[in-house]
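A short worksheet on the structure shown next.
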Protein chains: 2
Amino acid sequence: MTAPLHEARPAGPGRALPDTQQGMRRRNLARVLHTVRAEGPLSRAAVASRIGLTRAAVSTLVDELIRSGLLEELGPERPGRVGRPGSALTVSGRGPAGIGAEVGVDHLAVCAVDLRGTTRSRAIRQGANRGRSPRPVLAELTDLIRQVVDEAEGEGLYPAGLALAVPGLVARDARTVVRAPNLGWHDTDLAPLLPADIPLTVDNEANFGALAELWLGDGTPRDFLHVSAEIGIGAAVVVDGGLLRGTRGFAGELGHMPVRPDGPECACGGRGCLEQYAGEEAVMRAAGLEPDEDRVGLLAGRAAQGDEDVRRALRDAGTALGVALTGAVNLLDPESVVLGGELSGLAPWLLPSLQDELARRTAGPACPVSVSRLGPQGPLLGAAHSVIRAVLDDPAAFAGQA
Amino acid sequence: MTAPLHEARPAGPGRALPDTQQGMRRRNLARVLHTVRAEGPLSRAAVASRIGLTRAAVSTLVDELIRSGLLEELGPERPGRVGRPGSALTVSGRGPAGIGAEVGVDHLAVCAVDLRGTTRSRAIRQGANRGRSPRPVLAELTDLIRQVVDEAEGEGLYPAGLALAVPGLVARDARTVVRAPNLGWHDTDLAPLLPADIPLTVDNEANFGALAELWLGDGTPRDFLHVSAEIGIGAAVVVDGGLLRGTRGFAGELGHMPVRPDGPECACGGRGCLEQYAGEEAVMRAAGLEPDEDRVGLLAGRAAQGDEDVRRALRDAGTALGVALTGAVNLLDPESVVLGGELSGLAPWLLPSLQDELARRTAGPACPVSVSRLGPQGPLLGAAHSVIRAVLDDPAAFAGQA
DNA sequence: ACTAATTTGTAAATCGGCATGACGAAATAG
DNA sequence: CTATTTCGTCATGCCGATTTACAAATTAGT
């Protein structure tokens, strides 16, 4: 569990782990569990026909999963079909729980999700974290985590892992925050500051948001670009159902796409980066507003009231986003672009100019742009579900932990 | 073999093929073959220790590969080490051959590569193909293919597949050219116009170039961006040792990255696309030269002679490339950027300004930029090797074809 | 109602594939 | 010349999925 969850791709045939029968068993356990979770209550025979194994083989696999507490038998189905009714199986509601946590600029949040995907417990605490050092913030977060874990344990769950979403760049070790400008954190190993008894994974808020979109969004494809924003503009690239992380884990930095190469200087050293046109600070300035804690809320409120200055600022930001996204879309050819995170609240005023710009610069049909249904809670849900996903991907590794 | 070679990623655990013992055997055959090919002559024991199987298991796998004609026994090694010497194994020099073919703007080329990776036969024909219709061009190409195949068969090889590189966009069915502006082809299924007795794969020239770089380049990482150019500017994205293709197979279109969003109108509908600053035509115009057949050669020649106009034009193109690449590098976080294809000949004059621009716009260490050792023959080699790669990845599928 | 047909789940036998352990073969070290 | 080391192979065993058979539970048909 120290390795990052959900690699973009398993290693090639030359370097893979030895392909032995235990590995086969483990993969088949995963396939059974995955299909039962994905396709609702299912009989052993139904699972067998879906994954291509025989009923006998599935029987033994199911037995093992039931013994591990990952599957539950609901009893005989009552269908109108001919033949003996099957015995319905579901993923357990009392097995492992994924603990998701989030450090936002102005809040902390924790939740526990069970194998079925339902949130069983949650805790939120408002309060500005900008400029506070990691230790007190994570101490506070640890309180919330204990709270949520206690509640989950009361319902018969046990924490299988803790996934933390932060608004910043995270190293590939999945524990060290390299740079989180809006918190003021840099090069900090978070693991020592969090509960040591639960396996930890730290990742970028945008990445978790994208995974939530992938797993929870309705009709979201396996190849898309997920754009979110907290001050900087973070994006996440999903390729064939997996996250593209990059060599250092920094993939998805949309904020410093050159939009006007001769524009004003940016902190990154370049000129005319997207962030200077569509970043929160820039939009606030363009709208003639003062910096505030809840910038997105303020912008959305004013825009909804019909404030022309704010609307114009958002239109311009949408155009800039459109330019940057044109480049990204040309390079990646995704099936769609999803606006998520805090950005989704501003979508009504960003979207028209964004889509215009994208369409204008694209030969042929433009890449469709949609708004996340999950909105700001995407990252937290994605984090919790990433833990659940790890269990589903290798149930054997989590077997005896109840 | 009708499915595209080298998907970016196998399907998730829920949808994968049933994981049965035959599958395990197939994968282990592949692993044995891969290691022998990659690490030179090797004894059974050496292979076993490398891939983590026992000597006994490897013995049976090797037997099967020898019977299939994919491996050869060289006889006992003569080492200075204690103990019975092993019997060296090599991949066969008389097994399957990968037939690579290329339709360029001003040439046709075909080659045959054996399992060892050595080119065993080749044929090239110069002649402008711009504006010619697919049928006569591919008829001519078919002649060359027959020639090369005959020669290869004379040496005991048999064609395991034909891979064709074209300078244009290819659909994900790996047979249909969607758009090849410099040939004037569009929406053409090439399969009926090529030998029907060899399994066919068609792909973008830039993609094959990138694969060649991945497989044949020295020290090339598993995550990089490969930039080539023929008129348009094509790039290919390699993520964790696999090609990123995109939903429609169009990933890697660098040519229409917005470089100066208010710049002149481009054929794609946008403004100030990279192609207008670093495309061949644009550079020729900026250098004050007339259109010509061998544009790259002309530019390189003049630049080498010290022509200041040409050099300035190339410097500016490098700067524009740098701007576009900044965006791509930020988005993908690759380990390096490789200049390949025709572009590699112009590298000496493009590189300085390109690297300057990239470094200026990057916070922290800039992404290293290198020049392909393979140069213009990358695509052809990549095509041939992609066939060989398919054999290595699943030897069982090619077993009885000798 | 009673039988036939159909489907489910499991048990027993079988097969395929790798691991284990032992052995002869072929080299080096002393 | 013997002891040691390593290689390749064989016999055996284990593990996991398949095959085959069968009892159980339901619907369809008379």
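Scope of the values below: all heavy atoms of this structure, side chains included, with no hydrogens, waters or symmetry mates. Lettering of chains follows the sequences in order, A, B, ..., and the numbering in each one begins at 1.
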>> What is the separation between atom CG on B:Leu29 and atom P on C:dG16, rounded to the nearest whole Å?
In response: 15 Å
> From the list D:dT19, C:dG9, C:dT20, which nucleotide is the closest neighbour of the side chain of A:Ser43?
Replying inline: C:dG9
> Would you say A:Arg50's side chain and A:Val36's backbone share a donor-acceptor pair under 3.5 angstrom?
Replying inline: no
>> Nearest whole Å is fine: how far is D:dC15 P from B:Gln22 CD?
In response: 20 Å
> In whole angstroms, how far is the P atom of C:dA19 from the CZ atom of B:Arg55?
Replying inline: 12 Å
> Atom CG of B:Leu74 and atom P of D:dG8: how far apart are they, to the nearest Å?
Replying inline: 12 Å
> Which nucleotide, D:dC7, C:dT8, C:dA5, lies nearest any side-chain atom of B:Arg84?
Replying inline: D:dC7
>> OP1 or OP2 of D:dT9 versus the side-chain N and O atoms of B:Arg44: is any pair under 4.0 Å?
In response: yes
> So, is A:Ser59 close to the C:dT10 phosphate, meaning a side-chain N or O under 4.0 Å from OP1 or OP2?
Replying inline: yes
> Is it the case that more than 12 heavy atoms not belonging to A:Arg116 sit under 6.0 Å from its CZ atom?
Replying inline: yes
> Just by distance, with hydrogens left out, do A:Arg31 and A:Asn28 show a side-chain donor and acceptor under 3.5 Å apart?
Replying inline: yes
> Heavy atoms under 4.0 Å, any strand shown: does A:Arg25 hit a base, just sugar-phosphate, or nothing?
Replying inline: sugar-phosphate
> Between C:dA19, D:dT19, D:dG8, which nucleotide has the shortest distance from any of its atoms to the side chain of A:Thr54?
Replying inline: D:dT19
> Which sits closer to the 5' end of DNA chain D, A:Pro76 or B:Gly83, going by the nucleotide each is nearest to?
Replying inline: B:Gly83
> How close or far is atom P of C:dG16 from atom CZ of B:Arg26, stated in whole angstroms?
Replying inline: 17 Å
> Side-chain donor-acceptor pair under 3.5 Å between B:Thr90 and B:Glu72, yes or no?
Replying inline: no
> Starting at CD of B:Glu77 and ending at P of D:dC7, how long is that distance when rounded to a whole Å?
Replying inline: 9 Å
>> Tell me the interatomic distance from A:Met24, atom CE, to D:dA17, atom C1', rounded to whole angstroms.
In response: 6 Å
> B:Gln21 side chain: which of D:dT5, C:dG16, D:dG8 is closest?
Replying inline: C:dG16
> Which heavy atom of A:Leu115 sits nearest a heavy atom of A:Ser92, and at what distance?
Replying inline: CB-O, 3.7 Å
>> Using a 4.0 Å heavy-atom cut-off, does B:Ala56 contact any base of the nucleic acid, only the sugar-phosphate backbone, or nothing at all?
In response: base
>> Measuring from the side chain of B:Leu53 (C-beta onward, heavy atoms only), which nucleotide among D:dA21, D:dG8, C:dA19 has the closest atom?
In response: C:dA19
> In whole Å, what is the span from the CG atom of A:Leu89 to the P atom of C:dT10?
Replying inline: 10 Å
> Between C:dA26, C:dG16, D:dA17, which nucleotide gets closest to the side-chain atoms of A:Ala57?
Replying inline: D:dA17
>> Quick check for you: among C:dG24, D:dA17, C:dC18, whose closest atom lies nearest to any side-chain atom of A:Asn28?
In response: D:dA17
